[in-house]
Number of protein chains: 2
Amino acid sequence: MAHKSTPASDSRRVPTIEDVARLAGVSTATVSRSLNATGRVREATRKAVESAVRELGYTPNFGGQALALNRTNTVGAIIPTMENAIFARAIQALQETLAAQKVTLLVATSQYLPEREEEQIRALLARGVDGVVLIGNRRASSAYALLNARGVPFVLLWSAPDSSPFVTIGFDNSAAAIDVTTRILKKGHRRIGMISGLTAHNDRADDRVRGVSKALTDNGLELAPQDLVECRYSLAEGEAAAMQLLQRQPRPTAIICGNDVLAAGALRAARALGLVVPGDLSVVGFDDIELATAVFPPLATVRVPHRRMGVAAGEYLLRWIVDGKRPPSLTLPTEFIERASLGNLCDEAAD
Amino acid sequence: MAHKSTPASDSRRVPTIEDVARLAGVSTATVSRSLNATGRVREATRKAVESAVRELGYTPNFGGQALALNRTNTVGAIIPTMENAIFARAIQALQETLAAQKVTLLVATSQYLPEREEEQIRALLARGVDGVVLIGNRRASSAYALLNARGVPFVLLWSAPDSSPFVTIGFDNSAAAIDVTTRILKKGHRRIGMISGLTAHNDRADDRVRGVSKALTDNGLELAPQDLVECRYSLAEGEAAAMQLLQRQPRPTAIICGNDVLAAGALRAARALGLVVPGDLSVVGFDDIELATAVFPPLATVRVPHRRMGVAAGEYLLRWIVDGKRPPSLTLPTEFIERASLGNLCDEAAD
DNA sequence: TTGAAAGCGCTAACAG
DNA sequence: CTGTTAGCGCTTTCAA
C-alpha cells in the first residue's frame with residue numbers, strides 16, 4: 001500500500017492510465033472512455049484528462065490494450081522478397097491505408113519458399129495480428145488451415161480468384177500474358193522464347209507461362225519445352241537463362257520475361273552476345289517497376305496495379321476485421337506498356 | 001463458476017494457457033515454465049504439457065505475454081523508403097538476425113521527411129517496441145528525446161559516429177566520397193560534377209558532398225555551386241540533374257552521384273544527349289545495389305556494408321535490450337567497385 | 001456522467 | 001519440481 005501511494009515519485013517509470021486518472025482527479029474508466037471516445041464524457045472532464053495525458057506524456061500500454069481488447073491493431077503481410085521493388089509500392093500503399101486507421105503493418109518475407117511462408121504465418125499469428133496479407137493464391141492447405149483455425153481475416157494479392165475460395169485482390173496473370181503474347185505476335189514475331197520465375201510454388205509465374213503458351217497455341221505456334229527457361233528472379237539468372245535461349249538455332253526474335261528483373265538480365269545477355277535490342281531481339285518484361293526505364297532500351301512491360309492492390313487490401317481487411325463480414329474478391333486491370341525493347345519485325349523486314 | 005467449468009466445449013475459442021494446464025493436469029505456472037524453459041520441470045511433465053499444447057494448437061497470447069513481461073519482443077526500424085533496394089538488404093539481414101531470437105521486426109518508412117520520421121518513432125513507441133533502428137545520425141533533438149524518454153535502446157545505421165553521442169553502426173560517408181573522388185582525379189578527370197540527394201535532412205548525402213568537395217579542394221580544384229545539383233533519389237530527377245550539369249560549357253568529364261539510382265539517371269541523360277559513357281563522360285554511383293549492374297555500362301560505385309550493418313544492428317540491439325548495457329559504435333569499411341562507367345581520361349587522350 | 005471492480009492471459013515470486 | 005497467487009495496464013459492465 002505504501003508502495004502504491006508514492007509511485008508518482010518514480011519519475012523514470014512509464015506513466016500508466018492510473019497515473020493519468022490520479023492527476024486528472026478521475027477514475028481510470030473515465031480516462032479510458034475519454035481517450036477512446038467511447039461513452040459520453042463531460043467536456044470539462046475530457047479537458048482535464050487531456051492535459052494530464054499531455055503533462056505525463058502518457059501513451060497507452062500496448063500489451064494492456066491488446067489484452068483487454070483482444071485485438072492488436074496490427075496487420076501482417078508476407079511478401080516473397082524485399083530485394084527488388086516489385087512489392088514495395090503495394091506494401092507502401094497498404095501501410096498508408098492501414099496507418100490512417102491506426103493499424104500497423106508487419107512485413108515479413110518468405111524468399112519464395114513455401115515452408116518459410118508458413119513459418120511466417122505462424123509467427124504473425126503468434127503475435128496476434130488481426131489480419132494477414134499474402135501474395136498469390138496457391139499454397140499448401142496447411143497454410144490456410146493455420147489462418148482459418150485462428151479465424152483471422154486474410155486476403156491474397158497479385159492473383160485472380162482462380163478456383164480458390166479465398167478473398168483475392170489482384171489481376172489475371174494469364175490474361176495479361178495472353179495479351180502481351182498477342183501483341184508480340186502482331187508485331188510479326190514467330191520464334192518466341194520465355195524466361196519465367198520458378199513456377200513450382202508460384203501461381204503468378206505459372207499463370208503467366210500458361211498465358212503465353214495458350215496464346216501461342218491459339219495462333220498455331222507452341223511454347224516448346226526448350227523455349228522456356230525457369231530461373232530465380234535475379235538479374236544474373238535472367239541473363240543466364242537468356243543466354244541459353246539465345247544459343248538456340250534459329251534463335252528467338254522475342255523473349256517474354258516473367259518480370260522486369262529477368263528482362264533486364266535478358267538485355268544484358270543480348271548485349272554480351274552483340275545482339276541489338278530491338279533490332280535483333282525484342283524483350284518484354286512484367287510489372288513495370290522503375291528498373292524498366294533505367295535500362296536501355298527501356299522495357300516494354302505489363303503495368304500491374306501495385307498501389308490499388310495495396311490500398312484495396314488495406315480497406316478490405318480493415319472492414320472485415322471490424323464488421324466480421326468477408327468481402328468479395330476484386331480483379332483489377334493491367335496495362336501493356338509499349339516501349340523500345342519491343343520491335344516490329346514486319347517493319348524491319350521492310351527496311 | 002459454472003461458466004468457468006465448461007469453456008472447453010467452446011471449441012471455437014482460442015485456447016489459453018489455462019486450457020493447456022487443465023488438459024495436461026498441471027498448473028498454469030508449470031505450463032509457462034515448461035514452455036519458456038525457465039525453471040526446472042520434470043521431463044514427464046514437460047512432455048505432457050507439450051502434447052497438450054499440440055493437441056489444442058495453443059499459442060501464447062501476445063497481449064498477455066507483453067503485459068506480464070513488459071516486453072513485446074519487437075524491434076522497429078524506420079527507413080527512408082522501400083521503393084528502391086538501398087535499404088532492403090540491410091533490413092533483410094536485420095530481420096533474420098532478430099528472428100533467430102524470436103524477435104519481430106516492424107518496418108516503417110519516413111519518405112525522407114523528418115516530421116514523418118518522428119511520427120513513426122512515436123507510433124513504434126506506442127506499440128511498445130523494445131528497440132529502434134534509424135537511418136542516419138542527424139535529426140531534430142526532439143526525435144531523440146522521444147526515444148530517451150521511454151528509455152528505448154536505439155541504433156543509427158549508415159553513418160559514422162560523427163559528433164553524435166549515440167550508437168552508430170555504419171561507415172564514413174565522407175571518407176568514401178573522398179576515396180571515390182581521388183580515384184577519379186587519378187584517372188585524369190578535372191571537370192567533375194556531382195548529383196546529390198537532398199542534403200537538407202540527410203547526413204549521408206551531406207557527408208558525401210563534403211567528401212567530394214574536400215577531395216577536390218585538396219587537389220587544387222573546387223566543387224563550385226553550379227557543379228553540384230541536388231535532387232530527390234529518383235531516376236527521373238537524377239536524369240534531369242545530369243541534363244543540367246551536362247548543359248554547362250565546358251561540360252564535366254565525370255559525374256559523381258549520391259547513389260546508384262541517380263547514377264542510372266545520369267546514364268540515361270548521357271544517352272539522351274548522345275554522349276558515350278565512359279568515352280565522353282564518366283559516371284560513378286554509390287551503394288552498389290543490383291541496379292548498378294543492370295544498366296549499361298555497369299556502374300563504378302561504392303559498395304556499402306549493407307548486410308553487416310543489418311546483422312550488427314540486430315545483435316547490438318538484442319544484447320542491449322537484454323543486458324541494458326549500451327554497446328559501442330561500429331564503423332565498417334566501404335569498397336570502391338571499379339566498373340566500365342568510369343573511364344580513364346589519360347589513356348583516352350593517348351589514343 | 002462517473003466510479004468500482006471484474007477480468008483479459010501470462011509470468012514470477014513465494015511456499016511447499 | 002510444482003502449485004498458489006499477485007499483479008502487469010487496460011476496457012467494460014454494472015451501479016450509482
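Chain A is the first sequence line, chain B the second, and so forth, proteins listed ahead of strands; every chain is numbered from 1. Everything numeric in this text was worked out from a predicted model, so none of it was measured.
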Roughly, in whole Å, what's the span from [atom1] in [X] to [atom2] in [N]?
X	N	atom1	atom2	answer
B/R13	C/dG7	CZ	C1'	13 Å
B/R22	C/dC10	CZ	P	12 Å
B/L69	D/dC8	CG	C1'	10 Å
B/N70	D/dC10	CG	C1'	14 Å
B/E18	C/dT11	CD	P	13 Å
A/L35	D/dC10	CG	P	9 Å
A/R40	D/dT12	CZ	P	16 Å

Crowding at CG, B/N36 (>12 non-hydrogen neighbours, <6.0 Å) |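 Yes - once you tally the heavy atoms of other residues, nucleotides and ligands closer than 6.0 Å, there are more than 12.
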If you draw a 6.0 Å radius around CZ in A/R308, do more than 12 non-hydrogen atoms from other residues or ligands fall strictly inside?
->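 No, because the 6.0 Å sphere around CZ of A/R308 holds 12 heavy atoms or fewer from other groups.
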What's the spacing between [X] [atom1] and [Y] [atom2] if we round to 0.5 Å?
X	Y	atom1	atom2	value
B/R40	B/S34	CZ	OG	11.5 Å
A/R150	A/L125	CZ	CG	6.0 Å
B/I169	B/S329	CD1	OG	7.5 Å
A/T30	A/L35	OG1	CG	11.0 Å

State whether B/R122 and B/E119 are salt-bridged, where the test is any N-O pair (Lys NZ or Arg NE/NH1/NH2 against Asp/Glu carboxylate O) under 4.0 Å.
-> no
salt_bridge(B/E50, B/R54) N-O dist < 4.0 Å =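 So B/E50 pairs with B/R54 through a salt bridge.
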Helix axis bend for the helix from C/dT1-D/dA16 to C/dG16-D/dC1 - C1'-based end axes, five pairs, 10° rounding |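 If I round to tens, the end axes sit 30° apart.
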Classify the ring geometry between B/F154 and B/F166 as parallel (under 30°), tilted (30 to 60°) or perpendicular (over 60°).
->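 B/F154 vs B/F166 ring planes: tilted.
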Using 30° and 60° as the class limits, which term best fits the ring planes of B/W158 and B/H306: parallel, tilted or perpendicular?
-> perpendicular
Regarding the side chain of A/N36, the nearest nucleotide among C/dC10, D/dG9, D/dT11 is D/dT11
Which nucleotide sits closest to the side chain of A/T16: D/dG9, C/dT11, D/dT12?
->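 Closest nucleotide among those given: D/dG9.
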So does B/R42 get a side-chain nitrogen or oxygen closer than 4.0 Å to the phosphate oxygens (OP1/OP2) of D/dC1?
->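 For B/R42, the contact criterion (side-chain N or O under 4.0 Å from OP1 or OP2 of D/dC1) is not met.
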Donor-acceptor side-chain pairing of A/S159 and A/D203 below 3.5 angstrom |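 Side chains of A/S159 and A/D203: pair found under 3.5 Å.
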Start at the 5' end of DNA chain D and walk down; is the nucleotide closest to A/L67 or to A/T38 reached first?
->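 Upstream on the strand: A/L67.
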Tabulate atom names and distances for all N/O pairs under 3.5 angstrom spanning the protein and nucleotides 3-5 of chain D.
unit_1, atom_1, unit_2, atom_2, d
D/dG3, OP2, B/S27, N, 2.9
D/dG3, OP2, B/S27, OG, 3.2
D/dG3, OP2, B/T30, OG1, 2.6
D/dG3, N7, B/R33, NH2, 2.7
D/dG3, O6, B/R33, NH1, 2.9

Neighbours of DNA chain C within residues 49-65 of chain A, by heavy-atom distance under 4.0 Å = none
